[in-house]
Student: 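This is the structure I want to talk about, given as structure tokens.
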Amino acid sequence: MSRNDAAPGTVTAPPGRIRRMLSHLYVQCLIAVLLGAAVGGLWPSVGADLKPLGDGFIALVKMFIAPIIFCTVVHGIASMGNARAVGRVSLKALVYFEVLTTVAMVVGLVVVNVVRPGSGLHIDLSTLSAKGLPPEATTAHEGFAEFFLAIIPATLVSALTGNEILPVLLVSVLFGFGLHASGEAGLGIARSVEKFSTVLFTLIRWIMRLAPIGAFGSMAFTIGHYGLGTLRHLALLVGSFWLTALFFVLVVLGTVMRLNGLRMLPFLRYIKEELLIVLGTSSTEPVLPRMMAKLQHAGASKPVVGITLPAGYSFNLDGTAIYLTMGSVFIAQALGVDLSLTQQLAMLAVMLLTSKGAAGVTGSGFIALAATLSAVPHVPVAALALIFGVDRFMSEARALTSLVGNGVATLAVARWEGELDEDRAKAVLRGEIPYTPAPAPAAAPAGSGPKETPAPTRDPVPAAS
């Protein structure tokens, strides 16, 4: 019997409205996050045991990150009319990254010195032990030279099988330039890379349907394992960090958006699905492929997106930058170590290095903080035990801030390069051109002849004049 033939007095569901709402990924992720928090709060042991759900989802996406970055960067460079455009985009992106991460650190430094969340704790260092810290936090950390040598992979293929983004970027850029300089020989390979990337984005689209399961498992584990009560002792640090991250997003990044003719709140609504996935998983890596597709849909050219966004995952971690200054000064305050302005600025200079090179994975900010403390003599690494219990509650804010920062950076660099369709970007952010997660073929390499492309993909970067 159809719904229209139902007996009189029968209560029927609203016609399709709830079903349409539940079909949206962001609604599914929001429900999953709330359910995960409830399970972790009501049944902590059960919630702690659900960690494999989140870890499995992140692992599924991570295995596609390196090939997707490789294909996107290689095709973007191969499709450029002039190789100098790559260097121009890269230089502008790096300048932007350094300026904004420095601003983020300064903001965190100002807030932690004004609020002083660690003052009055008077922690005795002899009572602290590094025994409960993760192994990565207590191992020796690399210096400046080792950092750059680590970017070079052992083999061409090993860059695509490792866990670091910077070696993938290096190999991708070199391979892209090689294809660009090879003429007809490289043209066929570039077309194959384009087709392979379409397959990868199709697979990612399928895997992203599992995002609510991953968000549910990760949130249940966080609440069940660490407990909401942990926040009671360090609520001022956690609360001030979240508010500082919110200030940075709305004011600092909002100003950047305004300077580029766009607005922050519509952009946040546009990437709400990605934000909820990051909130649940505390990692920005699972949404990298979707962010690349959405930024292209919003009018940024594919080559600029392919170069800027993956690079931002290593060089533009705004949330981690805020965390480093606030975390290190908080620990110093808790131990009664009076850091002078000169010492704090010296620590900030070290952070400009230690905040780079790590992908947006869960816990990378904590490891970066350990690297910072091991490089300065003022605060011992063992003092990390003070904030280890609540680090997970700050990792969500780190990841969310870094995700928004990288999206804004990509749009800003695209406009700076003249490769942002501003009218389309405004229309997309207003919701007039909705994003559909269907895989879109990339723009054809230079010299391949005219080819119809869907709306989300823009023409390659023109040759430098």
Student: How about Arg258: does its CZ atom have over 12 heavy atoms from other parts shown lying under 6.0 Å from it?
Tutor: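 Open: at most 12 neighbouring heavy atoms sit under 6.0 Å from CZ of Arg258.
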
Student: Leu288 and Leu309: side-chain contact (heavy atoms from CB on, under 4.5 Å), yes or no, with the steps?
Tutor: CA-CA 8 Å; Leu288 175 59; Leu309 189 63; 3.7 Å; yes

Student: Is any side-chain heavy atom of Ile433 closer than 4.5 Å to a side-chain heavy atom of His297?
Tutor: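 Yes, close enough: below the 4.5 Å cut-off.
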
Student: If you compare all heavy atoms of Leu200 against all heavy atoms of Cys71, which two are closest, and at what distance to 0.1 Å?
Tutor: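 Result for this residue pair: CD1-SG, 4.0 Å.
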
Student: What pair of heavy atoms forms the shortest contact from Pro153 to Leu170, and how long is it?
Tutor: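 Of all heavy-atom pairs spanning Pro153 and Leu170, the closest is CD-CD2, 4.2 Å.
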
Student: Nearest 0.5 angstrom please: Leu276 CG to Glu273 CD, how far?
Tutor: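 Leu276 atom CG to Glu273 atom CD measures 8.5 Å (nearest 0.5 Å).
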
Student: Could you go through Phe175 and Phe70, starting from their C-alpha distance and side-chain angles, then the distance that decides it, and tell me whether this counts as ring pair (Phe, Tyr, Trp, His ring centres under 6.0 Å)?
Tutor: CA-CA 9 Å; Phe175 199 81; Phe70 177 80; 5.4 Å; yes

Student: Parallel, tilted or perpendicular: which describes the rings of Tyr435 and Tyr270, with under 30° parallel and over 60° perpendicular?
Tutor: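 If you compare the ring of Tyr435 with that of Tyr270, the planes turn out perpendicular.
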
Student: Looking at every heavy atom in both Phe267 and Val404, which two are closest together, and how far apart are they?
Tutor: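 Shortest heavy-atom contact: CE2-O, 4.2 Å.
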
Student: With rounding to the nearest 0.5 Å, note down the distance linking CG in Leu60 to CD1 in Ile207.
Tutor: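 One gets 5.0 Å once the value is rounded to the nearest 0.5 Å.
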
Student: Which pair of non-hydrogen atoms, one from Pro212 and one from Ala32, has the smallest distance, and what is that distance?
Tutor: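 Closest approach of Pro212 to Ala32: O-CB, 3.1 Å.
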
Student: When rounded to the nearest 0.5 angstrom, what distance separates CD1 in Ile277 from OG1 in Thr284?
Tutor: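 Spacing of CD1 (Ile277) from OG1 (Thr284) equals 12.0 Å.
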
Student: For Ala397 versus Phe241, what's the shortest heavy-atom pair and its separation?
Tutor: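 In this case the closest contact between Ala397 and Phe241 is CB-CE2, 3.5 Å.
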
Student: Can you name the closest pair of heavy atoms from Met326 and Gly108 and give their distance?
Tutor: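 That closest heavy-atom pairing would be CG-O, 3.4 Å.
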
Student: Nearest 0.5 Å, what's the CG-OG distance between Leu109 and Ser328?
Tutor: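 Atom-to-atom, Leu109:CG and Ser328:OG are 7.5 Å apart.
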
Student: Check for a donor-acceptor pair, side chain of Ser240 on one end and backbone N or O of Leu237 on the other, with a separation under 3.5 Å.
Tutor: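 Yes.
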
